[in-house]
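Take a look at the structure set out below.
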Amino acid sequence: MNPSREEALFALALEKLAEKRAAFLDAIRLLEDLIEKQRQVLGRQAAYESNRDAMPARFGSTTNAQTANRVAKMCLLQPLYAGQRMPAVELADHGVRLGENSQSLRWCLFAQSLARYVLIAHMPLREAGALIPGDIDERKP
């Protein structure tokens, strides 16, 4: 290789490295922003849990399918303890009943499916089997 070709390749490699460095630094800044936002969210965790626990009772008798749907999904944003799961499922079921003839039925069904998944995922298999249509074989994962 001649010296001018080597210098050109070296300059090109440095240029590529500078581009990658800039992208890497941008990614680091984005990561730092995400970490800060996560800290802010964690700081509001107690307020979220308090609101989450009150929402099913407050909106359980709503006559609006979208309200029931959105509140059910809001309740499912963070993991639920055993006593908190059923109110979210009931609210999601209520949203499906209210939205049976609406264009938003698919979103209500999504919330209902998510709520039932959360409920069933934490049950012993025999209990969950009663809630799932079809046969369940315990030997299969």
Side-chain angles (χ1 to χ4, degrees), residues 1-134 136-141:
M1 245 192 231
N2 65 36
S4 62
R5 179 165 166 72
E6 287 179 6
E7 289 172 1
L9 288 174
F10 184 71
L12 182 61
L14 284 178
E15 185 180 313
K16 294 286 184 189
L17 184 60
E19 289 173 9
K20 301 291 183 194
R21 182 178 184 274
F24 178 74
L25 292 175
D26 286 344
I28 294 291
R29 280 191 283 283
L30 284 173
L31 186 57
E32 288 171 347
D33 289 346
L34 287 173
I35 290 170
E36 181 56 33
K37 287 180 180 165
Q38 183 65 27
R39 283 190 187 122
Q40 292 171 2
V41 167
L42 291 175
R44 294 188 298 244
Q45 185 70 24
Y48 165 77
E49 288 176 359
S50 173
N51 285 324
R52 178 194 59 203
D53 295 345
M55 290 292 185
R58 182 174 178 192
F59 293 99
S61 60
T62 185
T63 58
N64 184 301
Q66 285 190 349
T67 299
N69 169 42
R70 289 176 180 162
V71 172
K73 285 191 286 190
M74 187 278 306
C75 291
L76 299 166
L77 288 175
Q78 295 283 325
L80 298 169
Y81 300 107
Q84 299 167 322
R85 292 182 195 123
M86 206 57 204
V89 171
E90 290 168 353
L91 191 57
D93 290 345
H94 183 59
V96 169
R97 285 190 302 276
L98 291 171
E100 265 182 341
N101 299 316
S102 77
Q103 291 179 325
S104 65
L105 178 60
R106 65 180 173 267
W107 297 109
C108 295
L109 288 169
F110 171 75
Q112 182 187 46
S113 300
L114 185 60
R116 288 186 178 197
Y117 169 78
V118 168
L119 178 68
I120 290 170
H122 295 87
M123 287 183 161
L125 191 57
R126 290 204 187 280
E127 291 176 34
L131 300 174
I132 301 172
I136 291 184
D137 185 350
E138 285 187 9
R139 293 168 292 177
K140 295 180 183 174

* To do: In sequence, state the C-alpha distance, the side-chain angles, and the governing distance for L9 and E6, and then conclude on side chain to side chain contact (heavy atoms under 4.5 Å, CB included).
  => CA-CA 5 Å; L9 288 174; E6 287 179 6; 5.8 Å; no
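Atom OG1 of T67 sits about 11.0 Å away from atom CZ of R58, to the nearest 0.5 Å. A distance of 11.0 Å separates CG in L12 from CG in L17, rounded to the nearest 0.5 Å.
Residues that satisfy the side-chain contact (heavy atoms from CB on, under 4.5 Å) test with L34, not counting sequence neighbours, are absent from this structure. Residues satisfying the side-chain contact (heavy atoms from CB on, under 4.5 Å) criterion with Y48, sequence neighbours excluded, are Q45, R52, M74, L77, Q78. Scanning for side-chain contact (heavy atoms from CB on, under 4.5 Å) contacts around P56 gives C75, P87, with sequence neighbours left out. For R85, the side-chain contact (heavy atoms from CB on, under 4.5 Å) partners at least two apart in sequence or on another chain are L80, A82, V118, L119, H122.
Residues L76 and A111 approach most closely at CD1-O, 4.1 Å, considering heavy atoms. Among all heavy-atom pairs drawn from A115 and A92, the shortest one is CB-CB, 4.0 Å.
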Please table the atom pairs, donor to acceptor, closer than 3.5 Å between any side-chain atom in residues 94-107 and protein atoms at least two apart or in another chain.
unit_1: H94; atom_1: NE2; unit_2: T62; atom_2: O; d: 2.7
unit_1: S102; atom_1: OG; unit_2: G99; atom_2: O; d: 3.1
unit_1: S102; atom_1: OG; unit_2: S104; atom_2: N; d: 3.3
unit_1: S102; atom_1: OG; unit_2: S104; atom_2: OG; d: 3.0

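Sequence neighbours left out, the pairs with a member in residues 10-26 that pass side-chain hydrogen bond (donor to acceptor under 3.5 Å, both in side chains) are D26-R29.
Looking at heavy atoms from C-beta onward, K73 lies in side-chain contact with F110 at the 4.5 angstrom threshold.
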